[in-house]
Protein chains: 2
Amino acid sequence: MARMSAAERRAALARAALVVVDRDGVHAATTRAIVAEAQMPLGSFHYAVPSRDELLRDVVELVVAGEGDAALAGLLADAVDPADAIRRTLSAYLEHVRSAPGREQAMFELTQYALRSSELADLPAEQYARYHALAAEVLGAAEAHLGIRWTIPVADLARLVVTITDGVTLAWLADRDDAAAERTIDLATTALVPFAVTT
Amino acid sequence: MARMSAAERRAALARAALVVVDRDGVHAATTRAIVAEAQMPLGSFHYAVPSRDELLRDVVELVVAGEGDAALAGLLADAVDPADAIRRTLSAYLEHVRSAPGREQAMFELTQYALRSSELADLPAEQYARYHALAAEVLGAAEAHLGIRWTIPVADLARLVVTITDGVTLAWLADRDDAAAERTIDLATTALVPFAVTT
DNA sequence: GCACGTCTGGGACACTTGACCAACTCTGGG
DNA sequence: CCCAGAGTTGGTCAAGTGTCCCAGACGTGC
């Protein structure tokens with residue numbers, strides 16, 4: 001194995017763990033599966049990381065960061081009106097989920113796992129705070145880009161948006177019904193539009 | 001141990017497994033933990049059930065059935081208008097979650113677990129079909145009780161409602177923010193009301 | 001009364017898991 | 001040059017896992 005610092009090795013292990021969790025689920029992310037994915041000997045694991053839970057914390061960080069990048073990537077591009085913008089944004093999110101279902105499922109699994117763990121119990125709250133902040137950021141940017149104003153506090157609307165994306169994702173993961181998911185997004189769009197007024 | 005048929009024993013094991021899953025999570029629902037909860041010797045397990053996964057299938061059935069009872073229990077009681085009815089129903093659901101967070105989390109965990117398992121992969125689709133049907137039933141009953149009509153197909157609206165309850169539950173489980181959850185419900189109510197017209 | 005099929009329950013097996021260690025190798029600063 | 005400390009690695013441990021087995025107890029039909 002190439003020589004690398006403990007910090008680098010830890011980061012590499014976190015990336016490998018994410019690959020395993022994505023492909024096989026959290027319950028399959030054993031120390032051995034992770035080092036196999038990272039092509040390291042088992043001994044390296046506890047040299048770079050104090051415990052398995054500690055590494056999973058890193059993985060959550062990784063997932064949350066990745067989620068942010070995807071959400072912000074050029075969504076408000078060329079929408080003609082608020083309804084179009086909302087629909088496109090939600091559809092883009094669904095597309096993001098469809099392109100990597102395992103990763104999105106891993107996100108849920110990690111949240112549930114953390115909630116049950118005494119050492120990781122604080123993570124989910126932080127994780128969702130980040131999601132809500134991210135959604136608020138997108139909504140705030142939309143005001144400027146579309147020449148509109150939200151008639152209710154952006155923080156509240158952000159939470160509702162995350163609620164909808166989570167719910168749509170969960171149902172789609174369960175039944176993989178693309179058409180139904182699109183219809184739900186259309187409906188949600190119709191329901192959200194009245195919260196925007198043109199300035 | 002009292003004498004009982006294999007079928008009865010299987011049902012008792014399923015109930016015990018649900019208690020364990022509720023309290024400690026799916027990953028803690030080992031054969032030994034389940035038989036300990038049911039106060040049975042370990043040997044009884046594989047006499048009554050061919051495999052652990054097979055029992056988890058029963059548990060999902062149990063949860064889904066219980067969920068249905070809770071959702072239908074006197075929700076449309078005494079609402080003065082559609083908005084009130086929607087808000088009360090969603091709030092009642094949130095209260096249901098708050099009173100038994102472990103069970104609701106267990107529901108999500110079981111869904112995710114089933115999605116990863118090759119033998120249980122068909123369960124989540126069925127599970128969500130039941131949820132959607134249940135929501136549609138409630139919405140249909142609301143039309144009669146409230147003297148309204150939904151302006152869009154009830155099936156589509158049902159999926160949106162499940163989307164919202166799932167999303168609200170997920171966020172609340174993560175941050176336990178009662179006030180924020182209530183605000184989300186208020187907002188969702190406002191967004192849904194336009195889909196109802198009085199007849 | 002008695003055999004036969006159902007049920008009981010303690011023990012065992014083969015395997016996986018997270019964690020740890022002691023012995024080795026390499027590298028950079030004095 | 002050399003040596004202290006950082007990094008590497010295979011082996012090992014105790015605990016826990018799902019599954020299976022079998023000797024016995026029970027209760028029911030003949």
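The model shown is predicted, which means the values in this text are computed figures rather than measured ones.
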**Study point:** Interatomic distance where CG belongs to Leu13(B) and P belongs to dG9(C) [whole Å]
**Key:** 13 Å
Point to revise | Donor-acceptor contact below 3.5 Å, side chain Arg57(A) vs main chain Leu123(A) | key: no
Review point. In whole angstroms, how far is the C1' atom of dC13(D) from the CG atom of Leu42(A)?
Key: 13 Å
Check your understanding: Is the phosphate of dC20(D), meaning OP1 or OP2, less than 4.0 Å from a side-chain N or O of His46(B)?
Key -> no
**Study point:** Per Arg32(A) side chain, nearest of listed nucleotides dC20(C), dG11(C), dT12(D)
**Key:** dT12(D)
Review point. Does Gln105(A) reach the main-chain N or O of Gln112(B) with its side chain, forming a donor-acceptor pair under 3.5 Å?
Key: yes
Review point. Thr31(A) has a side chain; which of dT17(D), dG18(C), dG11(C) sits nearest to it?
Key: dG18(C)
Show every donor-acceptor pair shorter than 3.5 Å between a side-chain atom in residues 181-190 of chain A and any protein atom, with sequence neighbours excluded, or say none if there are none.
{"from": "Glu182(A)", "atom 1": "OE1", "to": "Ser91(A)", "atom 2": "OG", "distance (Å)": "3.4"}
{"from": "Arg183(A)", "atom 1": "NE", "to": "Asp156(B)", "atom 2": "OD1", "distance (Å)": "2.9"}
{"from": "Thr184(A)", "atom 1": "OG1", "to": "Ala180(A)", "atom 2": "O", "distance (Å)": "3.0"}
{"from": "Asp186(A)", "atom 1": "OD1", "to": "Arg87(A)", "atom 2": "NH1", "distance (Å)": "3.4"}
{"from": "Thr189(A)", "atom 1": "OG1", "to": "Ile185(A)", "atom 2": "O", "distance (Å)": "2.7"}
{"from": "Thr190(A)", "atom 1": "OG1", "to": "Asp186(A)", "atom 2": "O", "distance (Å)": "3.0"}

Exercise for review: Quick one: sort the His96(A) and Tyr93(A) rings into parallel, tilted or perpendicular, breaks at 30° and 60°.
Suggested key: tilted
Revision key, fill the gap. For Leu173(A) and Pro101(A) the tightest heavy-atom approach is CD2-O, 3.9 Å
Check your understanding: How close or far is atom P of dT19(D) from atom CD1 of Ile34(B), stated in whole angstroms?
Key -> 10 Å
**Study point:** Backbone of Trp150(A) reached by a side-chain donor or acceptor of Glu143(A) within 3.5 Å
**Key:** yes
Exercise for review: Give the rounded distance in Å between these two atoms: CD of Glu54(A) and C1' of dG18(C).
Suggested key: 14 Å
Quick test: give all pairs of protein nitrogen or oxygen and nucleotides 6-8 of chain C nitrogen or oxygen below 3.5 Å, distance rounded to 0.1 Å.
{"from": "dT6(C)", "atom 1": "O2", "to": "Arg3(B)", "atom 2": "NH2", "distance (Å)": "2.9"}
{"from": "dC7(C)", "atom 1": "OP2", "to": "Tyr47(B)", "atom 2": "OH", "distance (Å)": "3.0"}
{"from": "dC7(C)", "atom 1": "O3'", "to": "Met4(B)", "atom 2": "O", "distance (Å)": "3.4"}
{"from": "dT8(C)", "atom 1": "OP1", "to": "Ala2(B)", "atom 2": "O", "distance (Å)": "2.9"}
{"from": "dT8(C)", "atom 1": "OP1", "to": "Met4(B)", "atom 2": "N", "distance (Å)": "3.0"}
{"from": "dT8(C)", "atom 1": "OP1", "to": "Arg9(B)", "atom 2": "NH2", "distance (Å)": "2.2"}
{"from": "dT8(C)", "atom 1": "OP2", "to": "Arg9(B)", "atom 2": "NE", "distance (Å)": "2.5"}
{"from": "dT8(C)", "atom 1": "OP2", "to": "Arg9(B)", "atom 2": "NH2", "distance (Å)": "2.9"}

Point to revise | Spacing of Met40(A) atom CE relative to dG7(D) atom C1', expressed in whole Å | key: 12 Å
Check your understanding: Given atom NE2 of His27(B) and atom P of dG18(C), what is their separation to the nearest angstrom?
Key -> 12 Å
Practice item. Return the value, rounded to whole Å, for the distance between atom CD of Glu119(A) and atom P of dG18(C). Key: 14 Å
